[in-house]
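As C-alpha cells, the structure follows; a few thoughts come after it.
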Amino acid sequence: MKITKLSDFFVTGDPLIYGADVAIGLTMVAIVVALTAFKRWGWLWREWLTTVDHKRIGIMYVIASLLMLFRGGVDALLMRTQLALPDSMEFLKPDHYNDIFTTHGVIMILFMAMPLMFGLFNLVVPLQIGARDVAFPLLNSLSFWLFFMGAMLFNVSFVIGGSPEAGWLAYPPLSEKMFSPGVGQDFYIWGIQISGIGSLMTGINFIVTILKMRAPGMKLMKMPMFTWSVLSSCLTIILAFPILTVTLALLFIDRYFGAHFFTLDMGGNPMMYINLIWMWGHPEVYIVVLPAFGIFSEIVATFSKKRLFGYGSMVFALMSISVFSFFTWAHHFFTMGSGANVNAFFAVTTMIIAIPTGVKIFNWLFTMYKGKITFELPMLWTMAFIPCFVVGGMTGVMLSVAPADFQFHNSYFLIAHFHQVLIGGVVFGYFAGLYYWWPKVFGFKLNEKLGRWAFWLWNIGFYVCFMPQYVLGLMGMTRRVSSYSWDTGWWSWNFVSTIGGFLMGIGFLFQVWQILHSIKFMKRVKGDPWGGRTLEWSIPSPAPFYNFAITPKVEGRDDWWRRKELAAQGIQDPPPKYEPIHMPKNSGTPIVMSVFWFILGFGFVFDWLWLIIPGAIGIAGTMLYHSFNYDTDYYVTVDEIKKTEAKAGRVV
Amino acid sequence: MAHVATSQSSHDHGHGHDGHHDLEALRMMGFWIFIITDCIIFGTLFATYAVLVNNTAGGPSGADLFEMPGVIAETFILLTSSFTSGLAVLSMNRGDKKGLIGWLIVTALLGASFITLEVTEFLKMIDEGAKISTSAFLSAFYTLVGTHGLHVSIGLIWMVALMLQVAKRGITPVTKRKISNISLYWHFLDVVWIFVFTIVYMMGVR
Amino acid sequence: MKYKGWFMRAAALLPLALMTFLLSGCGDVVVLDPKGEIGKQQLDLIYITTGLCLIIIVPVLILTFWIAWKYRAKSKKKEAYQPEWDHSTKLEAIWWGVPILIILLIAIVTVQYSYKLEPSKAIASDEKPITIQVVALDWKWLFLYPEQGIATVNYIQFPEKVPVQFQLTADAPMNSFWIPQLGGQIYTMSGMAMKLHLIADEPGDYFGTGANFSGEYFGKMTFNAKATSRADFDKWVADVKQSYPAMSKEGYDELAKPDTSLVRSFSAFPNGLFDGIVNKYVVAGESGHHHGGSDADASKEETSVTENHEGHDMGDMDMSEMDMGDMDMSGADDQGAAHQH
C-alpha cells in the first residue's frame, strides 16, 4: 500500500482512538523508563523473554490473556453503550461499531480464551503428570511468542491502518478486496495466522508431553481428568487448526494475488469459505470448553473431598465430544438452503453432543453427592457454571433444531446462547482454574472476600446482561446492528442488558483489585493449600524450576491423595535419592524468530516488499541457526537440587 | 487409540526417563504428528481443488494446459529422489557417513531438478495467459501444486543444512533422528505428489 | 426482624418494577406471535423441543441446588460421607439412557419438521401463489413483482392468505431475508436463486429485516411487509403503476451503488432483471458458480416449482460424502437453492 500522508498509516479522526494512542504511547514510555530506571532489562531478557520454563511461559500467557480480556471487554462495553441508545443517538458510528464487534469476537476467542487455556495447560499439565517440562520446551516458547506477536499485530490495527470490520469469521465476499479494500482485513489474516501456527505447535507439544512424559506408573486411565481434557482438546487442535491455516491462506491469496477462491466473480465460491471456516470454528469452541470440563472435574473432586464419579464415563464423554465436534459444522448455516437432508443430518449430529455433555453434568453432581463440600472461590465458580451451562446447553439444543433455527439464526437469541456457554462454560471454568491453581503458581492464595464480590458481580451481571438478549432475539433483533428505532420496542431490554454488561466490567475490576490486594498482603501457603488429590500438590508452591526433585512413582488415580492417606497411617515414602536432572537451556531464538514473523506479517499487510524480504530471511535464518545449535541442554547437579529443596521446605 | 498410546508409553518407560535416546524418540513422535497436520493441510487443499476444478470461468481447463511428458518426468524424478533418500538412510544405519552425504546430495539434486521443471511449467502456463487470477480453477491449481512445491523447496534447504551438520558432527543420535525425519518428510511429499499427479494431472487431461 | 421484612418486601417489589418497566413501551415478541402458517409451525416446534428439553433441565437444576445444600461441609446434620464411592453402573446407565431418549425424541421431531418446513417447499393452498423476487443490495432490499411488473425498495405488500413464493439473490455481500412473524429466514447469495415460501394468515404490518451482516449500513436494512386483502393489494399495484416512474437499467445500477435508501416504488423494471443479476456472477458456457446435481434433477425443478422436493432430495443427497468430512456440498446446495438454469 502506498502511504502518501500520515492519515493513510495512522487511524485518525476519532477521539476514542486518539485517546488510545495517547494511552498506548504513555504506557510504553512508562515501561521503558521503569525497566531502565530499575536496571531490569537484563533480568527481563534472561528470566522471562528467553525462558523455556513451562511455568513462566504459562504465567506470560495468563498475563497476556488478561490484558486481552480487558481490551475485548472494553470493546464489549462500547458496543453495549451504543446499543443502550436507540435511534440516531450515535455514540459509535456504524463503521466504528463494525470494527469493534469484529475485534471483540476475534480477541475474545483467539487472543483471550486460547492463550488463557494454553496458560493453564502450561501451568498445570507437566506438574500433574510428574514431568520435568513439556516435551519441546523451546517450541513451547516459540508458540507463546508467535501467539504474542500475532495478537500484537492484530491489535496494532486499532491505531495503524484500521481495524478489520467483516465480522469475527470474516465471511467473503464481504472480506474480499472488493468489499473490504482496507488493510484491516489483512491484519486479521496475519494476526490470526501467526498465532494460529503457535496454537498448532502447542497442540503437538502437549499431545507428545501427555503420551510420552507421564511419571512411571501413570497409565492413561490413571491420568487426572484435566490432563485427559487437555489431551482431547489438543487432538482437536491438531485436526482443526490446519483447516484454519489453509482457509486464511486462501483468503490471503485471494486478496494479495487476485485469486478467485471465494470471490463473486470468475468461479469463486464464497460458500466454500463458510464451510471451511466452520469446519475449524465449530471444533474450536470445543477446543476451549473441553479443558474447562477438566478443570471442573478436578475442582469438584477436591472440594467435595471425594473421588471423581464415573471416571470412565468422563473420559469417554470427552473423547466422543472431540470426535463429534467435527461433524456438526453446517449447523452454523442451516439457512443456506442446503436442503432438508443436510439440515436434518447436521441437526442430529449437533444434538448428539448434548448427550455426553449432559452425562458429565450428572457425574459432577454425583461427585458432590455424599461428599463434604466447601465453597471456596474455585468451587463457587464451578457451582455458578453448572446451572448457567445447563441452560445455555438447552438453548443450544433449541438452536440445533434446524427448522426452528430459521427463526433464531443471527438473532440476539443466538448471541445470548453462545455467550452463555462461552462465559458460563469457558470463562467461569478458566476463572475457577486460575483461582484453584493460583497458589500453586505463585505460592499465595487470592483474597477470598474481594473474590466473592467479583464473583457475585460477574454472575448477577451475566444474567442481567444476557437473559434480556434471548428476549431481544425473539423480538426480531438481529446481531451486528448498531442502532434501532424506538418503535421496535427493543430499547428497554437493551438498556437492562447494558447494565448487566457494566456489572461484569465492575466484576473484572474487582478481580484486578483482588490480585493487587493479595500481592500486597501476601500470605504464603505450603504446597497443598486445598487438600489436593493430584501430583501437582505434592511439590512446594511455587514449584522449583525443575518441578520434581525425584520423579514420582504413581500407583493410582489421585495418587497424592493416596500417598497422604498412607502417610496418615504412618507409612512414609523412602528418603529421597537425588539424581542430576536434565534441563533445557533458555533461548532467544523463539522471540527473535517471532519478531521476524511480525515483520513479515506487517510487510504483507501493507504490501511492503522491503519489510517482507527481511522478515522472511530472518525467519529462515533463525530456523537454521536453531538447527545448527547443539548446545541446548544441561544437567542440574544433585547439590543444587538439595539446596533448592531445603529452601522450599519439603511439603507433606 | 487409547490402547496404542498405552503400549507406546509403557514401552517408552522401559528406557528410563532422561537422556538423549528418550528425547530423540519424543522428537520423532512430534514430527509424526506434524506430518498428520500437514496431511490435513493438503487434504483441505485437495478438497478446495475438487470443488473449484470445473469453475474455469471461460478460461483454459486442465485439458487445455497440462503437458503430460513434463509432468511424467517430474514424477519420475521425485519418485527416484524418494528412493535415493531411502538409500541415504540405509547408509546412515550402516554407519557410512560418506554414503549418507553422497545419497543426500543425489536426492537434493533430483529435488532441485523437480523444482526447476515445475517452475518452468508454471512460467510457461503464465506466459500462455493462465494466471492465478484467471479463474477459480487456476487459483486452486497453483495453490495446491505450489504448496507442494514450496514444501519440496523448504525440504531442499533443510537437507543442505543437515548435510553440513552430518559432515561436521558425524552420525550421532541427534543427526540420526534429524535424517530420519527429513527422510520421512521426503517420502510424505512423494505420496502427496502421487495424489497431485493422479487427481490434478491424470484426471485433468482426461 | 423488622429490617429483614422490609428488605424482603423491597426484594419482591424490585422484579415487579423491572417487569413493568420492561413491558411498558415494549414491542411484540414477534417470534412468539406468528401470523402465518410457517411461523406458527416453527413456533409449535420451538415449544415442543423446549418442553422436551425442560424434562431433563428442570430436575438437573433442582438436583444441583439440593445436593450442594445437603452435602455442604457446614451442614449441621451429619450426612453420609463416602469419599471412595465413585462408580455405579445403574446410576450411570440412567443418565446415559435418559438424555439419549430425550435427544432421540427431539431428533425425530426435528427430522420430520425439516422436511415439512423446507423453505423451498411450496405451501399447499387453493390460492395461486404470488411471486416476489428479492435482491439484497448494499444496503437496501429491492423487491420485484414479475407478475405485476412493479418494483419496490424496502417495502413489500402482498395479499393475505395467499402463498408468497420469494426468489432471492444478492448483488452485494451475502445477507439473510427475515420476516419473523411470517416464518424463518434464508440467506440471499449472489449467483444463486434461493426459494422461500411464506404466507400471512391475516392483514397486518410485519417487521422485516436483513439478518446477516453485509457491511457498513447493514443495520439500515429493515423493511415493512404489509399483508392486505386481495382488493387492497390490486389497488396498491394499480396505484404504483400509475403514479411512480419506471426503473431503467441505469436506474438499477444507480440503485445498486452502496448506500442506504428510503422506501421507493417503480411502475416497471427492465425485463429479465432478476435473472440478469443472478447470471452476472456465472460465466456463460462453463459450469457456473455452484454446479452440481444431475441435469435430470435440474429440469424437474424447472418445470414445476410447486412440486414436493422430498423425493428427489433423497435421491440426490450423498450422506457418505458428509461422513468423510468432505466439504463439497455443491450437490446438496442445488436442490434447496435451485440455482438458475
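In the text below, chain A, chain B and the rest are named by the order of the sequence lines, each starting its count at 1.
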Testing the basics here: between [X] and [Y], what is the closest heavy-atom pair and its distance to 0.1 Å?
X	Y	answer
A:A347	C:T110	CB-CG2, 3.8 Å
C:V31	A:G473	CG2-O, 4.2 Å
C:W85	A:K306	O-NZ, 3.3 Å
A:G337	C:I186	CA-CD1, 4.3 Å
A:G476	C:F207	O-CE2, 3.5 Å
A:S483	C:K220	OG-NZ, 3.7 Å

Against chain C, label [X] side chain, backbone, both or neither, depending on which of its atoms sit under 4.5 Å from a heavy atom there.
X	result
A:T395	neither
A:W561	side chain
A:V397	side chain
A:L308	backbone
A:F375	side chain
A:L365	both
A:F366	both

Ring centroids only, cut at 6.0 angstrom: are A:F101 and C:F213 within range, meaning strictly under it?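 Aromatic pair counts; centres sit under 6.0 Å.
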Main-chain N/O of [Y] paired to [X] side chain as donor or acceptor, under 3.5 Å:
X	Y	result
A:Q407	C:P180	yes
A:D265	C:Y281	no
C:Y81	A:K305	yes
C:E118	A:A340	yes

Under 4.5 Å, counting heavy-atom pairs only, tell me which of [options] racks up the most with chain C.
options	value
A:E176, A:E165, A:M394, A:M178	A:M394
A:K93, A:M379, A:R307	A:R307
A:F334, A:F303, A:F413, A:F179	A:F179
A:D405, A:I352, A:V481, A:V359	A:V359
A:G312, A:G310, A:G358	A:G310
A:T350, A:N363, A:N343, A:L472	A:N363

Between [atom1] of [X] and [atom2] of [Y], what distance do you get to the nearest 0.5 Å?
X	Y	atom1	atom2	value
C:Q42	A:F408	CD	CZ	9.5 Å
A:I373	C:K74	CD1	NZ	12.5 Å
A:W364	C:I67	CH2	CD1	14.0 Å
C:M192	A:M336	CE	CE	8.0 Å
C:D33	A:L474	CG	CG	11.5 Å
C:T209	A:M477	OG1	CE	10.0 Å

Can you find a pair of side-chain heavy atoms, one from [X] and one from [Y], that are under 4.5 Å apart?
X	Y	result
C:D28	A:M475	no
A:F362	C:V60	yes
A:I361	C:W95	no
C:S88	A:F309	yes
C:T64	A:M383	yes
C:M174	A:L174	no

Tell me yes or no: between the side chains of A:D95 and C:Y217, is some donor less than 3.5 Å from an acceptor?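 Not at all, the side chains of A:D95 and C:Y217 share no donor-acceptor pair under 3.5 Å.
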Between A:S313 and C:E92: side-chain donor-acceptor atoms closer than 3.5 Å: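 Present: a donor and an acceptor within the cut-off.
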Determine the option with the most heavy-atom pairs under 4.5 angstrom with chain A, choosing from [options].
options	result
C:S176, C:G183, C:P119	C:G183
C:I179, C:V111, C:I100	C:I100
C:T188, C:L43, C:I106	C:I106
C:F65, C:W178, C:Y113	C:W178
C:L45, C:T222, C:L32	C:L45

Using the side chain to side chain donor-acceptor pair (under 3.5 Å) rule, take C:N212 and A:Y171 through it: C-alpha gap first, then chi angles, then the decisive distance, then the call. CA-CA 10 Å; C:N212 194 77; A:Y171 278 10; 5.8 Å; no
Mind checking whether A:H409 and C:Y187 have parallel, tilted or perpendicular rings, split at 30° and 60°?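 Rings of A:H409 and C:Y187: tilted, as their planes differ by 30° to 60°.
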Under 30°, 30 to 60°, or over 60°: which ring-plane class applies to C:W66 and A:Y369, parallel, tilted or perpendicular?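 Judged by the thresholds at 30° and 60°, the geometry between C:W66 and A:Y369 is tilted.
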Answer with side chain, backbone, both or neither: which region of C:L61 has an atom nearer than 4.5 Å to a non-hydrogen atom of chain A?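 Side chain only.
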Tell me, for C:L91 versus chain A, whether the close heavy atoms (under 4.5 Å) come from the side chain, the backbone, both or neither.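 Side chain only.
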Is there a side chain to side chain contact (heavy atoms under 4.5 Å, CB included) between A:F316 and C:W96? Walk through the geometry before answering. CA-CA 12 Å; A:F316 181 73; C:W96 276 99; 3.6 Å; yes
Under the side chain to side chain contact (heavy atoms under 4.5 Å, CB included) rule, what do A:K372 and C:R72 come out as? Steps first, then yes or no, please. CA-CA 6 Å; A:K372 266 192 218 164; C:R72 70 196 192 281; over 6 Å; no
